Every structure is written in structure tokens, then in C-alpha cells.
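One structure is given here, and the rest of the page talks about it.
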Amino acid sequence: MHAIHERLCANLGSVQARIDAAARSSGRSSDSIRLVAVTKQVDTTTAQALVGLGVTDLGESRPQELMRKHEALRGAIRWHLIGPLQRNKARRTLPLTCLIHSADRPDLLPWIERLALELGLEPEVLLEINISGEAAKHGLAADAAERLLGDAGRLERVRIRGLMTMAPYDPNPERARPVFAALRELRDRVRRHAPPRATLDELSMGMSGDFEVAIQEGATIVRIGSALFEGL
Ligand SMILES: *Cc1c(COP(=O)(O)O)cnc(C)c1O
């Protein structure tokens with residue numbers, strides 16, 4: 001247990017130092033970047049240790065696992081759903097989640113809206129965008145996202161806070177830069193016509209392999225898993 005704690009502490013320190021350096025290199029304050037620790041590959045003990053080190057935001061890709069860890073962990077934790085919102089679990093997931101990163105189909109928003117109305121919630125969501133156009137990736141095409149935002153004025157409950165994307169895997173993080181830049185440009189373009197409730201101030205982009213580049217391209221949220229758990 002002690003060894004796990006030391007290792008986590010060192011990994012977290014190093015990730016935070018890299019976030020700070022990337023922010024500074026692009027003239028930003030690291031306060032403008034939120035670290036979401038992705039705990040999908042670790043057990044509750046390790047996730048709890050991370051919370052003990054001061055991490056406040058945890059991300060899970062499966063609703064079932066989010067619910068399980070939500071139940072088991074102690075502390076003021078903001079839960080992020082970073083994978084598909086499964087309809088049959090949404091009623092239980094929605095109240096536990098501070099931000100859904102993965103609204104990836106047009107029919108999802110009216111459906112979340114109805115559920116939110118019923119449950120008395122104002123869920124915050126990001127539209128997941130498939131910038132690279134890879135068939136295997138989740139996400140809306142850019143033009144579909146634009147259309148969706150055109151209709152978003154009808155949403156009284158759901159708040160569209162921004163956009164999310166995943167870059168295709170590549171050992172060279174520079175290859176991800178155009179993807180992240182394109183997400184930021186899309187956001188800047190659609191924000192001009194978006195209804196006031198769709199603030200579009202968040203860009204969730206950057207994972208262990210490419211978060212520094214994402215920060216340089218404007219990420220406000222980075223989702224980091226493996227870099228925090230190296231050597232455990
Ligand atoms: C797993 C996952 C991450 C974290 O990936 P790492 O490479 O382990 O940092 C980030 N975002 C999403 C959507 C994920 O599924």
C-alpha cells in the first residue's frame with residue numbers, strides 16, 4: 001500500500017508538472033486546465049489513493065463501473081462519463097455524473113433532455129466529435145454537430161458545455177496536433193451561432209500520449225489514465 005502511494009504521488013506530480021509546462025509554453029495558466037483522472041483500468045483502492053492525493057475529478061468509460069466506484073469511494077469526487085451513455089443505465093448514471101463527455105449521436109440530446117426533465121436535473125454534456133473521420137471512432141461528424149447545435153435552442157435542461165475528441169493512436173503526439181486544432185476551430189466557428197445555454201467553453205482533448213499537444217491547442221480538460229498508473 002505504501003509503495004503504491006509513493007508511486008502514484010510521483011506519477012501525479014510528474015503529470016501535473018507536464019501540464020504546467022505545456023500551459024506555460026502556450027501562455028496559458030494551468031488553472032484553466034482540469035485534470036480528469038481516468039480510473040477505468042484500476043481498482044477502487046488505487047482510485048481512492050488518488051483522491052487522497054487531492055485529485056477531484058475521476059473519469060470512467062462504462063456507466064456500470066462509474067456506479068460501482070461511485071458507491072465505493074469516499075470524498076468530494078466529480079464523476080465524468082467518458083464513454084457511451086447506455087440508455088438502460090442512464091437513469092442511474094445521470095444523477096451521479098457532473099459531465100458527460102460522449103454525446104455522440106443526434107438523437108441522444110432530446111432523449112437526455114426528457115430524462116433530465118423527469119429527474120429534475122440540468123446535465124452538462126460535451127459533443128463527441130470524430131474529427132479524423134476514422135470509421136472505428138465514435139463521434140459526430142463536424143457538420144452533424146453544427147446542425148445539432150442549430151437545434152439546441154430547444155433544450156431547456158441539457159447544457160452543452162463544449163466538445164470532446166480522441167486523436168487516432170500514434171506514438172508521435174505531433175500527429176494529433178491537427179486533430180486538436182481542428183476541434184478548437186470547429187468550436188470557435190459553431191460558438192458564434194450557438195444558443196446562449198450552449199456555452200461551448202470546454203474542450204476535452206488529450207490523453208496520456210498527447211496531452212501536452214492538446215493543451216497547446218487549447219484543451220480545458222485532459223483525460224489521463226495510464227500516465228498516472230505507470231509502474232503500479
Ligand atoms: C481510456 C481513455 C482515456 C485515458 O487514456 P490513457 O491513454 O490511459 O491516458 C481518455 N479518454 C477516453 C475516452 C478513454 O477511453
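These numbers were taken from a predicted model, which means no experiment stands behind them. For reference, positions follow the sequence shown, starting with 1. All ligand and atom numbering here is 1-based and tracks the order in the structure.
Looking only at distances, no side-chain donor or acceptor of Arg177 sits under 3.5 Å from a matching main-chain atom of Glu217. Although no hydrogens or angles enter the test, the distance criterion places a donor-acceptor pair under 3.5 Å between the side chain of Ser208 and the main chain of Ala227.
For atom 15 (O) of ligand 1, the nearest non-hydrogen atom of the protein is Lys40 NZ, 2.7 Å. Here the protein heavy atom with the shortest distance to atom 9 (O) of ligand 1 is Ser208 OG, 2.5 Å. Looking only at protein heavy atoms, the nearest one to atom 12 (C) of ligand 1 is Ile82 CD1, 3.5 Å. For atom 11 (N) of ligand 1, the closest non-hydrogen atom of the protein is Arg223 NE, 2.8 Å.
A side chain to side chain donor-acceptor pair (under 3.5 Å) with His80 is found for exactly one of His101, Arg223, Arg34, namely His101.
Salt bridge annotation for Glu122-Arg197: present, with a cationic side-chain nitrogen under 4.0 angstrom from a carboxylate oxygen. Salt bridge annotation for Asp107-Arg87: present, with a cationic side-chain nitrogen under 4.0 angstrom from a carboxylate oxygen.
Taking every non-hydrogen atom of Ile224 and a distance limit under 4.0 Å, the qualifying atoms of ligand 1 come out as 9 (O). Below 4.0 Å from some heavy atom of Met166 lie the following atoms of ligand 1, by number and element: 13 (C). Per-residue contacts place Gly225 under 4.0 angstrom from the following atoms of ligand 1 (heavy atoms of the residue considered): 4 (C), 6 (P), 8 (O), 9 (O).
Between atom 5 (O) of ligand 1 and the options Met205, Glu230, Met207, the minimum heavy-atom separation is to Met207. By heavy-atom distance, the residue among Gly209, Ser226, Ser61 lying nearest atom 6 (P) of ligand 1 is Ser226.
Contacts of Asp201 classified as side chain to side chain contact (heavy atoms under 4.5 Å, CB included), with partners at least two apart in sequence or in another chain: Arg161, Arg191, Thr199.
Residues Val38 and Ile224 are not in side-chain contact: their nearest non-hydrogen atoms beyond the backbone lie 4.5 Å or more apart.
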